[in-house]
Undergrad: 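My structure is below; once you've seen it, I'll send some questions.
Below, each value reflects all heavy atoms present in this structure, side chains not excepted, and no hydrogens, waters or symmetry copies. Chain letters run A, B, ... following the sequence lines, proteins first, then strands; residues in each count from 1. Small disclaimer: the values here were computed from a predicted structure and weren't measured.
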Protein chains: 2
Amino acid sequence: MLARVSSTPTFRRLPRAVREQQMLDAAVKVFSRRGYHGASMDEIADDAGISKPMVYAYLGTKEELFVACLHREGTRMMQAIADVVAPDLSADERLWRSLQAFLGFVGAHRDGWAVLYRQARGEQPFAGELTALRLRIVEVVAGMLEHTLRSEGREVTETELEVVAYALVGATESVADWLVDHPEADPEQTATRMMNVAWVGAAQLLAGTTWRPPNRRGEAPS
Amino acid sequence: MLARVSSTPTFRRLPRAVREQQMLDAAVKVFSRRGYHGASMDEIADDAGISKPMVYAYLGTKEELFVACLHREGTRMMQAIADVVAPDLSADERLWRSLQAFLGFVGAHRDGWAVLYRQARGEQPFAGELTALRLRIVEVVAGMLEHTLRSEGREVTETELEVVAYALVGATESVADWLVDHPEADPEQTATRMMNVAWVGAAQLLAGTTWRPPNRRGEAPS
DNA sequence: GAGCATACCTACTCGTGCGTAGGGTTACGC
DNA sequence: GCGTAACCCTACGCACGAGTAGGTATGCTC
């Protein structure tokens, strides 16, 4: 065959580390677009410019590949946040910077993270992985809240903190979803809005300004 | 054959309407446990005590079946909420009752709704269906907020309302997830906690108490 | 109690896509 | 320049599960 006329040098035979990253890039892209089950290993391999057995050789089965994606993106996200929070900042600023970094990250990786995250929740094998990540975040947030509260001399139960932290994290994820669907929106401004509802709400609550259910006519308080 | 000794009368030959409900029950259960792809039509049929072709005859393809599940559960949920909110109630009480009804519903249908909901988000074909439901809820919440705000003479942008509404809805969903994983928790108490962070936060925000990012040293305000 | 619609079944087809067997080729050490 | 290890391919096996063909039984109407 006379083929391979060195048109584009076709860059074949790349070192493993490089190929692995290309594969992961392709996998994230395809998983995002098609969903875990909708994605075929053939398409991923194709998109990475490589053949299927290579994917199996380097990253293992489909499940392992997905976990690898999850792991890489998760680590990147956590890193993006860790890079901007310094322990000497005030609680509110730490929270705001985290929000900013998080939403900024999601905004920059629309394709990647948010959809990957949406994917992973449904599938049994990965729910655990995700829940763990989520839990770590929730604990960080709960920690922030607790610290702030304790420093103001207020007592709160573990459960109360946990629920509030979950609410905050859920709210943020939801706003992240919104952000993914609104490319024109500015992550920083969104973070500020988010901060408003979250911080002001939490602060008020923690300061003791609670809302109590109205006693409706005739109902005896238990 | 001497079989069918009327041990249990085996209740065969039931009218269509009844069988359809049994099938839906089974489908919800299996979809919840296994996920959309993990569930097989055989298992669903089996669980409903019927053979596969009946499922196809009554509810159509797997996709249609799932949509039917989604639809039934979605309708039930909306109904549960609609049953407790009267238009003559104050905004905060309407919101609280909705929360209560919603979390109560989720608590009572742990198996059913929450997991179904988690499932549907990932799969392309149903994301639309779900987003529509979600959007309706967001709009209702946004409406509540707007009404309250306008009545206090404050101006807010469409976008701001939308983000806050998304945050609230996301927070609630997240807390619902938490509730599913904590069977010992009381939905009503959780609703009250939720109400605290949501309403107090939103109210403060809307009253104009905003949080503003600190101007860090040397940074010029744009 | 004949006829008909409806409920119901067993047993298949067939596409799809994961994972692999088995073999070729290019770089790199010596 | 020659062996060897890494990179890379084409082409398949195989299981699993959606959907169907074609036939049976049962209750209802007149």
Side-chain angles (χ1 to χ4, degrees), chain A residues 1-24 26-27 30-31 33-69 119 123-126, chain B residues 1-24 26-27 30-31 33-69 119 123-126:
Chain A
M1 284 229 197
L2 288 190
R4 184 136 337 115
V5 213
S6 82
S7 44
T8 31
T10 334
F11 273 68
R12 278 170 60 172
R13 235 168 175 69
L14 294 178
R16 175 167 184 155
V18 176
R19 274 276 130 90
E20 278 182 349
Q21 291 308 311
Q22 292 179 346
M23 288 175 187
L24 284 175
V30 176
F31 279 137
R33 195 160 46 217
R34 304 250 195 254
Y36 177 70
H37 286 279
S40 76
M41 292 300 266
D42 291 272
E43 185 178 355
I44 291 171
D46 206 58
D47 199 278
I50 211 75
S51 78
K52 201 167 39 154
M54 287 312 299
V55 181
Y56 280 89
Y58 285 173
L59 277 329
T61 68
K62 189 180 187 182
E63 202 168 309
E64 288 165 339
L65 174 60
F66 190 79
V67 170
C69 291
Q119 284 308 318
E123 316 294 334
Q124 259 71 1
F126 318 117
Chain B
M1 286 233 197
L2 287 190
R4 183 140 334 119
V5 212
S6 82
S7 45
T8 29
T10 333
F11 273 71
R12 279 170 63 169
R13 233 171 177 70
L14 295 178
R16 174 166 185 156
V18 176
R19 274 277 130 93
E20 279 182 348
Q21 291 308 311
Q22 293 179 345
M23 289 174 187
L24 285 175
V30 176
F31 279 136
R33 196 161 41 217
R34 304 251 194 254
Y36 176 70
H37 287 280
S40 75
M41 292 299 266
D42 290 273
E43 186 177 355
I44 292 171
D46 205 58
D47 199 279
I50 212 77
S51 77
K52 200 165 43 153
M54 289 311 299
V55 181
Y56 280 88
Y58 285 172
L59 278 328
T61 69
K62 189 180 186 181
E63 202 168 310
E64 288 166 337
L65 174 60
F66 190 79
V67 170
C69 291
Q119 284 309 318
E123 317 294 333
Q124 257 71 1
F126 319 116

Undergrad: Check whether any side-chain heavy atom of B/E63 lies under 4.5 Å from a side-chain heavy atom of B/Y36, and answer yes or no.
TA: yes
Undergrad: Does a distance-only test, which skips hydrogens and angles, find a donor-acceptor pair under 3.5 Å between the side chain of A/R13 and the base of C/dT25?
TA: yes
Undergrad: Can you tell me the distance, in whole Å, between the CD atom of B/E43 and the C1' atom of D/dA18?
TA: 15 Å
Undergrad: Among the nucleotides C/dA7, D/dG17, C/dC18, which one has an atom lying closest to any side-chain atom of B/D42?
TA: D/dG17
Undergrad: I'd like to know if B/K52 reaches the base of D/dG19 with its side chain such that a donor and an acceptor end up less than 3.5 angstrom apart.
TA: yes
Undergrad: Check the distance between C/dG15's P and B/M41's CE and give it to me in whole angstrom.
TA: 19 Å
Undergrad: How many whole angstroms separate atom CD1 of B/I50 from atom C1' of C/dT6?
TA: 13 Å
Undergrad: Side-chain N or O of A/R16 versus OP1/OP2 of D/dC8: is the shortest distance under 4.0 Å?
TA: no
Undergrad: OP1, OP2 of D/dA6 versus side-chain N and O of A/R19: anything below 4.0 Å?
TA: no
Undergrad: Without decimals, in angstroms, what is the distance between A/L65 CG and C/dG17 P?
TA: 16 Å
Undergrad: Checking B/E123 against A/H37: is there a side-chain donor and acceptor pair closer than 3.5 Å?
TA: no
Undergrad: With DNA chain C as reference, determine whether B/P15 or A/P53 sits nearer its 5' end, using the nearest nucleotide of each.
TA: B/P15
Undergrad: Between atom OH in B/Y56 and atom P in D/dA18, what is the gap in whole Å?
TA: 5 Å
Undergrad: In whole Å, what is the span from the CD atom of B/E64 to the C1' atom of D/dA18?
TA: 13 Å
Undergrad: Supply the atom-to-atom distance B/Q124 CD to A/Q119 CD, rounded to the nearest 0.5 angstrom.
TA: 6.0 Å
Undergrad: Measuring from the side chain of B/S40 (C-beta onward, heavy atoms only), which nucleotide among D/dC8, D/dG17, C/dA7 has the closest atom?
TA: D/dG17
Undergrad: For the side chain of A/T61, counting heavy atoms from C-beta on, which of C/dG19, C/dC8, C/dC9 is nearest?
TA: C/dG19
Undergrad: Report the distance from atom CG of A/L59 to atom P of C/dC18, rounded to the nearest whole Å.
TA: 15 Å
Undergrad: Mind calculating the distance between OH (A/Y58) and C1' (D/dC8) to the nearest angstrom?
TA: 8 Å
Undergrad: Once you apply a heavy-atom cut-off of 4.0 Å, does A/M54 come out as touching a base, just sugar-phosphate, or nothing?
TA: base
Undergrad: So does B/S40 get a backbone contact from the side chain of B/E43, meaning a donor-acceptor N/O pair under 3.5 Å?
TA: no
Undergrad: Starting from the C-alpha separation in whole Å, work towards a yes-or-no answer on side chain to side chain contact (heavy atoms under 4.5 Å, CB included) for B/K62 and B/F31.
TA: CA-CA 11 Å; B/K62 189 180 186 181; B/F31 279 136; 4.2 Å; yes
Undergrad: How would you label the contact of A/A45 with the nucleic acid (heavy atoms, under 4.0 Å): base, sugar-phosphate, or nothing?
TA: nothing
